[in-house]
Amino acid sequence: VQLQASGGGLVQPGGSLRLSCVTSGNIFSISAMGWYRQAPGKQRELVAYITTGGSFNYLDSVKGRFTISRDNAKNRVYLQMNSLKPEDTAVYYCNRYPTYFSWGQGTLVTVSS
């Protein structure tokens, strides 16, 4: 199963980033997808998920700042992150939700001045 996240980088507090994830088509079309993150020394946590029908939910700490979306034609899921905070610093991963596959390549987001 292909799960490749991209779009991370170094950004100042208050800045924005858009993460993108490409997945295998045969999985994507029938699966809810999630964005997860793992900060240094912490467990991986679910940041947001979106169902095949477009319903979504967010971690409380990112509500109002992050937006998840999906492009079914391109087998891609996105995470628009605005008003970033230092505590958002982590490696971000995409995967199926709620049951997930082996973790693919994540993308590092660093929020620092």
Side-chain angles (χ1 to χ4, degrees):
V1 175
Q2 180 186 23
L3 294 165
Q4 185 166 354
S6 62
L10 173 63
V11 63
Q12 292 186 341
S16 298
L17 285 173
R18 188 191 192 212
L19 307 185
S20 177
C21 173
V22 62
T23 71
S24 303
N26 58 335
I27 298 299
F28 185 85
S29 63
I30 61 172
S31 301
M33 295 297 297
W35 280 98
Y36 303 77
R37 68 186 181 187
Q38 187 167 21
K42 296 186 178 181
Q43 290 191 334
R44 188 175 284 130
E45 62 180 353
L46 175 69
V47 176
Y49 71 83
I50 184 167
T51 68
T52 54
S55 299
F56 48 81
N57 205 356
Y58 297 93
L59 183 69
D60 282 347
S61 62
V62 308
K63 285 181 179 177
R65 302 188 296 122
F66 290 10
T67 303
I68 190 170
S69 61
R70 62 190 292 160
D71 185 332
N72 293 329
K74 296 182 179 179
N75 299 329
R76 286 184 176 269
V77 60
Y78 304 97
L79 187 69
Q80 177 67 43
M81 306 187 296
N82 299 328
S83 302
L84 282 161
K85 303 177 180 180
E87 51 264 41
D88 295 319
T89 294
V91 178
Y92 285 72
Y93 303 86
C94 64
N95 212 320
R96 190 174 63 175
Y97 173 84
T99 54
Y100 46 81
F101 298 105
S102 296
W103 296 98
Q105 176 183 328
T107 187
L108 176 62
V109 172
T110 304
V111 185
S112 175
S113 55

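Residue indices begin at 1 and follow the sequence shown.
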Taking atom OH of Tyr58 as the centre, report whether more than 12 heavy atoms of other residues, nucleotides or ligands fall under 6.0 Å from it. yes
Using the rule that two of Ile, Leu, Val, Met, Phe, Trp, Tyr join whenever any of their side-chain heavy atoms come within less than 4.5 Å, decide whether Val47 and Leu108 are in one cluster. no
I need the minimum non-hydrogen distance between Leu17 and Leu84, along with the two atoms involved. N-CD1, 3.9 Å
Taking the side chain as every heavy atom from C-beta outward, state whether Val109 and Thr89 have any atom pair closer than 4.5 Å. no
Within the 4.5 Å heavy-atom criterion, are Phe101 and Leu3 side-chain neighbours or not? yes
Roughly how far, to the nearest 0.5 Å, is CE of Met81 from OG1 of Thr67? 11.0 Å
When rounded to the nearest 0.5 Å, the distance separating NZ of Lys85 from OG of Ser61 is 7.5 Å
Is there a side-chain contact between Leu10 and Ser112, using heavy atoms and a 4.5 Å cut-off? yes
Would you compute the distance between atom SG of Cys21 and atom CH2 of Trp35 and round it to the nearest 0.5 angstrom? 5.0 Å
Give the ring-plane orientation class for Tyr97 versus Tyr49, where under 30° counts as parallel, over 60° as perpendicular and anything between as tilted. parallel
Ionic contact status for Asp60 with Lys63, cut-off 4.0 Å: yes
Establish, from distance only, whether the side-chain atoms of Ser16 and Asn82 form a donor-acceptor pair under 3.5 Å. yes
Does Leu46 belong to the same Ile/Leu/Val/Met/Phe/Trp/Tyr cluster as Tyr92, with side-chain heavy atoms less than 4.5 Å apart forming each link? no
Within the 4.5 Å heavy-atom criterion, are Thr51 and Met33 side-chain neighbours or not? no
Note, Gln105 side chain near Thr107 side chain (heavy atom, < 4.5 Å): no
Assess, by modelled atom type and distance only, whether the side chains of Arg44 and Tyr36 contain a donor and an acceptor separated by less than 3.5 Å. no
Over-ring placement of Arg18 relative to Tyr78, 6.0 Å and 45° cut-offs: yes
Nearest non-hydrogen partners of Arg37 and Ala90, listed with the distance: CB-CB, 3.8 Å
Test item: Val22 and Gln4 side chains (from C-beta on) under 4.5 Å apart, heavy atoms: yes
d(Ser31 OG, Ile50 CD1) to nearest 0.5 Å is 13.0 Å
Single-linkage hydrophobic cluster Leu59~Val77, side-chain heavy atoms < 4.5 angstrom: yes
Can you hop from Leu19 to Val62 via hydrophobic side chains spaced under 4.5 Å? yes
Does a side chain donor of either Arg65 or Ser83 reach within less than 3.5 Å of an acceptor in the other side chain? no
